[in-house]
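Taking it in order: structure first as structure tokens, then the write-up.
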Amino acid sequence: MEYNFRAIEKKWQTQWKASGAYKVSNQSDKPKCYVLDMFPYPSGAGLHVGHPLGYIASDIYSRYKRLKGFNVLHPMGYDAFGLPAEQYAIEHGVHPAVSTAKNIDTFRKQLDNIGFCYDWDREVRTSEPGYYKWTQWIFLQLFKSFYNRVTQKAESITHLISEFEKKGNAMHECPGDASIKFSSEEWKAYAEKEKQDILMNYRLAFCGYGEVNWCEALGTVLANDEVVNGVSERGGYPVVKKKLRQWYLRITEYADRLLDGLKTIEFSEAMQEMQTNWIGKSFGAEIDFAILSHQSSDLSNHTLTPHDSPLTVYTTRPDTIFGVDFMVVAPEHALIGQITTPAQKQAVEAYITYVKSRSDRERQAEKKISGCFTGAYAVNPFNGKQIPIWISEYVLAGYGTGAIMGVPCGDERDHKFANHFNIPITNIIGTYYNGTDANPTKDALLENSEFLNGIVMRDAIGIVNAKLEEMGIGKKKVNYKMRDAAFSRQRYWGEPFPIQWKKGAAIPLNEKELPLLLPEVDSYSPGPEGEGPLANIPEWVARELETNTMPGYAGSSWYFLRYMDPHNNETFCDRKVSDYWNQVDLYIGGTEHAVGHLLYSRMWTKALCDLGHIGFDEPFRKLLNQGMIQGSSRFVYRVKGTNNFVSHSLFDGNAYKIEDTDPIRVDVNFVDGVELDIAAFKQWRNGEYANAELILDDGKYICGSEVEKMSKSKFNTVNPDDLVEKFGADTFRMYEMFLGPVDQSKPWDTKGIEGVHRFLKKLWRLFFDDLKGKVWNEEKATSEELKVLHRTIRKIEEDTERFSFNTAVSAFMICVNELADLKCNKREVLQSLIIMLTPYAPHISEELWTALGNAGSVLDAAYPVFEAKYVTESSKEYPVSINGKVRTNINIALDASPEQVQEIALANELVQKWIEGKPLKKFIFVKGKMINVVI
RNA sequence: GCCCUGGUGGUGGAAUUGGUAGACACGCAGGACUUAAAAUCCUGUUCGCCGCAACGCGAGUGCGGGUUCAAUUCCCGCCUGGGGCACCA
């Protein structure tokens, strides 16, 4: 009886589906475990071998936990709203819902092929009205809330209104505009429109005018994390700054909690750092400098007179205040018009025009040092020194106050600026400054700094801050790089906002009116004046509904909650249910969502928790990032201007040079390793290369190779369906794990999958012989056989718990090799082995489990229990402890302490007992002294 | 430039974190079975040296130092692949 994986896998997949083997109940006495994959965007390209890597890992872990007695929630769904489907609709006129549904079908078939244990009854699609009803509902909760900085949590806006009525906003500084201040009387006197405008400055989801990343080609606004190097992440189109009415999430209010929360969850160092950098918290001070300028139209008059308002700068290094040699304000800064002297006016205007002409892309690509003097001066409050005020594009309007103090000896950018414009440099750090490079140290003793002379910079920060505060011209200030998240898109294929505009005020729809359905449109093209396609629908506009839609990340910010209670039509997720499932115990996905999805979903969770809808404020307890599987492309080399293709191996000699050829990618699927299947190549692409002359090396055509991203256009994708067809799902699953650590990126290489396939066949032969049929028996296992088994039990448990799936697969191979060597076909051993194998290779395990005559499914078998006695008895390993560690051999340092010597003596005694007089195998000597004993 | 992260045979990778480096697998070489192939099994496979052979000797985890009885593992200085951030004052 042969291992017929095709029949076995088909049989059990059908069987599991029929019996509902993967249905998960929300009620159980078992402890819960929630294992989640980042759900995919169903693109038209389907899955390649890189996608299932994380899915297989999570599937193994889920099945393992189930065997270990947990009630495991392991769902899957689709992030179905998004730009590509809409682009496709614009180009081909196919409704996004249609193309998305088709893509989902393909995904589902591919996923089913691999034998995952998802509970498909819990599938979610973010584009379904039953789902986005609740996305809209959560949006309304955010809209109706504000962040109370006193209690440090989100609270209802009605509470804020009652506060305003009692005390005005003295207790609640306005996060949208700190200059807004009013008393309770003033509040009551405001007209309704004014009140609404003020409240908008507090809401967690709010609408306002702002500089946004506008992408003309995509006809929409993009979030900061969707813009890479000044172009759109999708499509690579140019992005410009534009002032538009937009919806935002006030994520900045959560900056500190998003930072603190990182300490309570297990994210990789790299991930924590990416989020920390993105939030970009910095501690510093805002300092007011008096301004001297003059506004006389007489160009020969250079008399300086004090200006009304001060120049406020933000700095993290107030200790360097005596090293300030110039000020720089952003070109967009409001003061420029007021302080620029007539003599400099023309130059300044020319400079601002130049800056405006430069796109973000140019600004980032070529960082030229540029700037212009305003003619005005700031005054150092401590020594009265006059400091020239410049404008330059290297200072960003959106961060801090949009103005900085330039300290060339301590800041590299300031140093370059000073050098470029020949501004004299004041050295306040003595020998720490070498005259050519700025030194950002905090350890130097200050010089040329009057009352700070001789003080370590680190300590001077506090001294200066105290003094500034005392003088009333400065205060400590915390700044963040993170901005509020742009939350509207001028697109069709997204959730409509449940908002009506009445007399310029945003009115939320009644929750009973949800979902606000996405209407049908005739055209997916943008509407007028930067509005979305919804603005083309007369009925929509007549109802005064918001014409923007929500961005892709709206639906994905909370989907992990919907899986818990996917069919509930009364609430997004019953509180009892979310209390039971609680946090995601293991979340697996790529690093590409580090600052997008993972930050937004953390914020939504915190807000929902604050408002009492769920009981935890971090969604993901542990995050595992799978590595990317790269493609390994193959090339043939056509000699320029000919139809001759040279084997790559011939470039070593002098006959052919690689420079004289054009490398052409060929489909990796007809290259075996690096050897080209010539017949397949000639038939490729309808015989495009049928007449190619191949210059062979020893009868073979050897291709060149290069590792790059896996993509269809590079002909380096490998479809999992093909591998499953050829080797079976179990082999495919185990091979993906065997490739290496899950968190490591590596190029795909199909060579080697045979080894895993051989392992499964070898396992099969422990049960069945091709001729004799079943060979397993009921004999009692020897202690040697039990030793092999129990070593494996321990190893598989350890490795699965620490996500070291590749070494676990190796452990299975070792076990089967050893059992084959021992000719062990005993049920007692084999049965335990296949239970452990179930998470890795579920189909063959189930088949063998049944073959052994067991009732029920192996999915719920009792996991074998490791017993140390089988492993330790008369084995290489023994329970001798030195410094609390069990070792497989003993190491004795001759200069060990008396206690250690005693311990070693004891150890030796134990060793003698264990080996029962057998001679020690090996003594290890170093420099003539015995230090190590192996038995 | 800054911050992570890795560098181990022909290849993917092990080494349970300081204890016999190279597990397991691929590939390769040789052999068995076969008319032949596939499949399967066995032997060898870090490099170098000696030998008929077993045994043996020397070197070896990117490079150079250091700590230790003992270093792939810890420390210092370089070289290098991958990822992230990049005028955030």
Side-chain angles (χ1 to χ4, degrees), chain A residues 2 229 268-282 284 313-317 320 328 363-364 367-369 392-396 398-407 410-414 416-417 440 479-483 591-592 594-595 625 627-628 630 673 707 734-735 738-741 743-756 758-759 761-762 765 770 794-795 798-799 802 804 806-817 820 882-883 885-896 921-922 924-934:
Chain A
E2 272 185 22
N229 291 329
S268 68
E269 292 275 327
M271 184 62 60
Q272 289 195 36
E273 200 183 287
M274 277 187 243
Q275 295 214 343
T276 306
N277 282 346
W278 185 260
I279 295 167
K281 185 177 189 175
S282 74
V313 303
Y314 174 72
T315 178
T316 55
R317 298 296 302 274
T320 60
V328 187
R363 258 169 104 149
Q364 284 173 21
K367 281 170 196 157
K368 286 198 287 194
I369 300 169
S392 172
E393 63 177 350
Y394 87 88
V395 171
L396 306 176
Y399 182 77
T401 61
I404 61 144
M405 55 186 220
V407 183
D411 184 284
E412 200 192 326
R413 295 153 303 179
D414 296 346
K416 283 189 182 142
F417 191 81
N479 256 318
Y480 302 90
K481 281 197 230 174
M482 186 170 65
R483 301 293 133 80
T591 49
E592 66 271 18
V595 293
N625 293 116
M628 215 184 26
Q630 293 135 312
V707 172
M734 291 193 88
Y735 183 58
F738 186 65
L739 271 178
D743 53 355
Q744 203 172 296
S745 290
K746 57 234 153 190
W748 176 263
D749 180 10
T750 304
K751 285 236 170 212
I753 193 168
E754 307 248 7
V756 175
R758 261 176 224 146
F759 153 75
K761 286 199 277 192
K762 202 164 180 177
R765 284 199 302 274
D770 287 0
R794 187 176 57 177
K795 179 78 175 149
E798 264 176 22
D799 287 352
R802 67 188 174 110
S804 178
N806 57 329
T807 53
V809 173
S810 295
F812 281 121
M813 290 176 173
I814 294 168
C815 181
V816 165
N817 285 346
I882 295 176
N883 300 333
K885 278 183 179 172
V886 176
R887 294 182 183 276
T888 50
N889 50 28
I890 299 173
N891 307 282
I892 301 165
L894 288 189
D895 59 349
K921 262 192 199 160
K922 197 168 176 183
I924 295 176
F925 291 86
V926 171
K927 292 179 188 167
K929 292 172 181 175
M930 188 195 72
I931 58 148
N932 201 343
V933 189
V934 179

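Below, chains carry the letters A, B, ... as their sequence lines are ordered, and counting in each starts from 1.
Within 6.0 Å of NZ on A:K416 lie no more than 12 heavy atoms contributed by other residues, nucleotides or ligands.
Heavy-atom minimum distance, A:K762 versus A:A820: CE-CB, 4.2 Å.
Straight-line distance between the P atoms of B:C47 and B:A38: roughly 27 Å, to the nearest whole Å. Annotation: B:G12 and B:C78 have their C1' atoms spaced 29 Å apart (nearest Å). Comparing B:U20 with B:G6, their P atoms sit 22 Å apart, to the nearest whole Å.
Of the candidate nucleotides B:A23, B:C87, B:C3, B:C87 has the atom nearest to the side chain of A:E393. Checking B:A14, B:C4, B:A25 against the side-chain heavy atoms of A:N817 singles out B:A25 as nearest. Of the candidates B:C26, B:A89, B:C24, the closest approach to any side-chain atom of A:K751 belongs to B:C26. Listed nucleotides B:C41, B:A15, B:G12 differ in distance to A:L739; the shortest reach to its side chain belongs to B:G12. In this structure, the nucleotide among B:G84, B:A39, B:A89 sitting nearest to the side chain of A:K761 is B:A39. Set against B:C87, B:G13, B:U40, the side chain of A:Y394 has B:C87 as its closest nucleotide. Distances from the side chain of A:T316 to the nucleotides B:A89, B:G13, B:A15 place B:A89 closest. Among the nucleotides B:C26, B:A23, B:G84, the one closest to the side chain of A:M274 is B:G84.
Side-chain N/O atoms of A:S282 include one lying less than 4.0 angstrom from OP1 or OP2 on B:A89.
Regarding the sugar-base torsion, B:U17 falls in the syn class, its angle being within 90° of 0.
A:I369 places its CD1 atom 15 Å from the C1' atom of B:A89, with the value rounded to the nearest Å. One can place CZ of A:F738 at 12 Å from P of B:G27, the figure rounded to the nearest angstrom.
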